[in-house]
A.B. asks: 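Have a look at this one before I ask anything.
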Number of protein chains: 2
Amino acid sequence: MDRVDKRILAELQKNSRASLQEIGQAVGLSATPCWSRIRKMEESGVITGYSVRLSPQALGLGDTVLIQVTLDSHSDNTLEKFGEVLATIPEVIEAHLVSGDYDYLLRVVVKDTRDYERFLRERLYTIKGIRHSRSSFVLRTLKAADLPLSM
Amino acid sequence: MDRVDKRILAELQKNSRASLQEIGQAVGLSATPCWSRIRKMEESGVITGYSVRLSPQALGLGDTVLIQVTLDSHSDNTLEKFGEVLATIPEVIEAHLVSGDYDYLLRVVVKDTRDYERFLRERLYTIKGIRHSRSSFVLRTLKAADLPLSM
DNA sequence: TGTGAAACTAACTGGGG
DNA sequence: CCCCAGTTAGTTTCACA
């Protein structure tokens, strides 16, 4: 992992379908070494896959909500069970077990506020063991989630 | 956007470098219609780009921290300024303006807890206008961030 | 809208600096 | 390590059902 590898990753973050020639051009190398560097990073686990960026809005998912969840109990069993239930809920696209004031942070996508009300009623409030939850609607997103490669 | 389009998107979310033949196989179509459906979704804005999934750990970014930030003032100007400063901090990989108890939720990646202490001292606490911040370390991530296509 | 073949472009392999 | 040239595989276009 040198400076050139990081620049290649930055190019792939911008557009993973760019040709090896385009990437090579951007980092000042021919296609062949770019290809072998990328392969090495795939093998070493730096690159874990290739994905597509989708517009939630265009898919009819206009609202993102961040939910802080506090559980009744912090036993291994309760945490495990809660995680398993979350895995089955499509609206929950992220779930993090965290330290601090609450236990879980969820990221949920829904059509609109009406749909969110349905989500709470049908999905979240039917889960046993939730002591407390607190919702925050995302009003604006200022930064997306690419990893920093300059540090 | 029909059922087949969604299945194509699901395949691309799993692996955006799969060949059109592989995608076609998965959705029961030949390569050509897959290609034209993908092109249409690119043009209509459903697909906004192609990216690479990287391992934060493999890049030496072992800790993720979620920070709730409350600002002193909620004037347009303050919010704007704060957003501009955040944009320049590489450790901040996500920033959401939210409704509710606090104003911003940040997602920050750092090497370790020592590095987080540095981040707080050098980056976050030097920003004017922060009334209060509350950090939660991510202990475990149970679900990643692909959009649901089954709903 | 779909299929299948033809033309084109990019990914991959190996030889040489 | 890198470049270049040749081979293989994938993408894009087109004629037709």
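Basis for what follows: all heavy atoms, side chains included, without hydrogens, waters or symmetry-related copies. In what follows, chains carry the letters A, B, and so on, assigned in the order in which the sequence lines appear, proteins first and then strands, with residues in each chain numbered from 1. Every value quoted in this text rests on a predicted model; they were computed, and no experiment measured them.
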A.B. asks: As an exercise, state the distance from CZ of A:Arg131 to CG of A:Asp103, rounded to the nearest 0.5 Å.
C.D. replies: 8.5 Å
A.B. asks: Nearest whole angstrom, please: distance from the C1' of C:dT9 to the CD of A:Gln25.
C.D. replies: 16 Å
A.B. asks: Show me the protein contacts with nucleotides 4-6 of chain C, counting only N or O atoms at under 3.5 Å.
C.D. replies:
unit_1, atom_1, unit_2, atom_2, d
C:dG4, O6, B:Thr32, OG1, 2.9

A.B. asks: If we check side-chain contact (heavy atoms from CB on, under 4.5 Å) with B:Phe119, which of these qualifies: B:Val109, B:Asp63, B:Ile67?
C.D. replies: B:Ile67
A.B. asks: Take the protein atom CD of B:Glu43 and the nucleotide atom P of D:dT12, then report the distance between them rounded to whole Å.
C.D. replies: 12 Å
A.B. asks: Round to the nearest Å and state the distance from A:Ile23 atom CD1 to D:dC3 atom P.
C.D. replies: 15 Å
A.B. asks: What is the nucleic acid contact for A:Pro33, judged by heavy atoms within less than 4.0 Å: base, sugar-phosphate only, or nothing?
C.D. replies: sugar-phosphate
A.B. asks: Hey, does the side chain of B:Lys143 reach the backbone of A:Leu86 with a donor-acceptor pair shorter than 3.5 angstrom?
C.D. replies: yes
A.B. asks: Please state whether the phosphate of C:dT1, meaning OP1 or OP2, lies under 4.0 angstrom from any side-chain nitrogen or oxygen of B:Arg37.
C.D. replies: no
A.B. asks: Membership question, hydrophobic clusters at under 4.5 Å side-chain separation (ILVMFWY): are A:Ile89 and A:Leu106 in the same one?
C.D. replies: yes
A.B. asks: State whether A:Glu94 and B:Arg107 are salt-bridged, where the test is any N-O pair (Lys NZ or Arg NE/NH1/NH2 against Asp/Glu carboxylate O) under 4.0 Å.
C.D. replies: yes
A.B. asks: Please give, in whole Å, the distance from C:dT1 C1' to B:Leu29 CG?
C.D. replies: 9 Å
A.B. asks: When rounded to the nearest 0.5 angstrom, what distance separates CZ in B:Arg37 from CZ in B:Arg39?
C.D. replies: 15.5 Å
A.B. asks: Does the side chain of B:Tyr50 pick up a donor-acceptor pair with the side chain of B:Glu42 at under 3.5 Å?
C.D. replies: yes
A.B. asks: Scan nucleotides 6-11 of chain D against the protein and return all N/O pairs shorter than 3.5 Å with their distances rounded to 0.1 Å.
C.D. replies:
unit_1, atom_1, unit_2, atom_2, d
D:dT11, OP2, B:Leu20, N, 2.8

A.B. asks: Among side-chain atoms of A:Ser75 and A:Ser73, is any donor-acceptor pair under 3.5 angstrom?
C.D. replies: yes
